[in-house]
Amino acid sequence: MPDLKVGVLALQGDFEAHAKTLRHLGAEPREVRTSADMEGLDALVIPGGESTTIGKLIDSAELEPDLRAHHEAGRPILGTCAGLIVCDAEHLGFIDVTAKRNAFGRQLQSFEADLEVAGAGDEPLRAVFIRAPWVERRGPEVEVLSSYEGHPVAIREGSVLACAFHPELTDDPRFHAIFMAMTTAAQERAGEEARR
Ligand code: GLN
């Protein structure tokens with residue numbers, strides 16, 4: 001893999017674990033707090049945490065135009081848990097889904113489950129859910145990669161990959177590997193366009 005520069009939005013939430021997984025996969029992670037940190041990124045992770053807080057911090061850091069420019073340039077984005085909510089139709093609008101917050105209810109605030117995930121191979125993926133959302137509504141372009149009890153919990157739409165669980169909290173890097181494959185493909189496409 002070329003040296004892919006992957007930003008991890010580091011305003012709030014568990015960004016450090018993402019950086020570790022990305023490094024393990026050979027990428028070069030960079031914590032993003034300001035507009036200058038977005039410069040030259042090949043991809044961006046919006047981590048879990050608290051979606052309302054992350055939204056407010058994006059506003060106060062004036063990062064929304066940079067996030068939009070990144071998305072419009074077709075550079076991949078991975079949104080996990082609160083990051084999925086931040087990307088949904090009612091927030092940044094990067095994916096045509098409506099997330100339901102804290103969807104699993106009081107009894108199931110936090111749990112682990114083995115998921116089948118399209119693109120992650122045959123072995124089930126152990127997934128950690130923490131006050132997780134699920135995808136309540138989705139548009140026609142949204143591909144569901146995994147569901148739990150009938151509710152989509154991992155989706156992809158174009159350059160955006162999102163999941164309701166925390167792939168950074170296990171030792172299994174396969175979900176991030178899907179994201180890195182999207183990033184490599186996006187770079188190759190950009191390179192081909194530049195050569196044309
Ligand atoms: N419940 C949080 C929210 O609604 C998300 C939780 C998480 O990211 N682990 O923003």
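Numbers here are sequence positions counted from 1. Numbering of ligands and ligand atoms starts at 1, following listing order.
Counting only residues at least two apart or on different chains, the salt bridge (charged side-chain N to carboxylate O under 4.0 Å, His left out) pairs with a member in residues 169-178 are Asp172-Arg174.
Residues that satisfy the ring-ring contact (aromatic ring centres under 6.0 Å, His included) test with His70, not counting sequence neighbours, are absent from this structure. Under the rule for a side-chain contact (heavy atoms from CB on, under 4.5 Å), the partners of Ser35 that lie at least two apart in sequence or sit in another chain are Asp66.
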- request: Given side chain to side chain donor-acceptor pair (under 3.5 Å), test Glu168 with His166 step by step and report yes or no.
  value: CA-CA 5 Å; Glu168 77 286 6; His166 286 265; 2.7 Å; yes

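In summary, Arg101 and Glu50 engage in a salt bridge, as defined by a charged side-chain N under 4.0 Å from a carboxylate O.
Centroid-to-centroid, the aromatic rings of Phe165 and Tyr148 stay 6.0 Å apart or farther.
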I'd like the atom pairs linking ligand 1 to the protein - N or O on both sides, separation under 3.5 Å - with distances to 0.1 Å.
unit_1   : atom_1 : unit_2 : atom_2 : d
ligand 1 : 1 (N)  : Asn102 : OD1    : 2.7
ligand 1 : 1 (N)  : Arg131 : O      : 2.9
ligand 1 : 4 (O)  : Arg101 : NE     : 2.7
ligand 1 : 4 (O)  : Arg101 : NH2    : 3.0
ligand 1 : 8 (O)  : Gly49  : N      : 2.9
ligand 1 : 8 (O)  : Gly49  : O      : 3.1
ligand 1 : 8 (O)  : Ala82  : N      : 3.0
ligand 1 : 9 (N)  : Ile130 : O      : 3.0
ligand 1 : 9 (N)  : His166 : NE2    : 2.8
ligand 1 : 10 (O) : Ser51  : N      : 2.7
ligand 1 : 10 (O) : Ser51  : OG     : 2.8

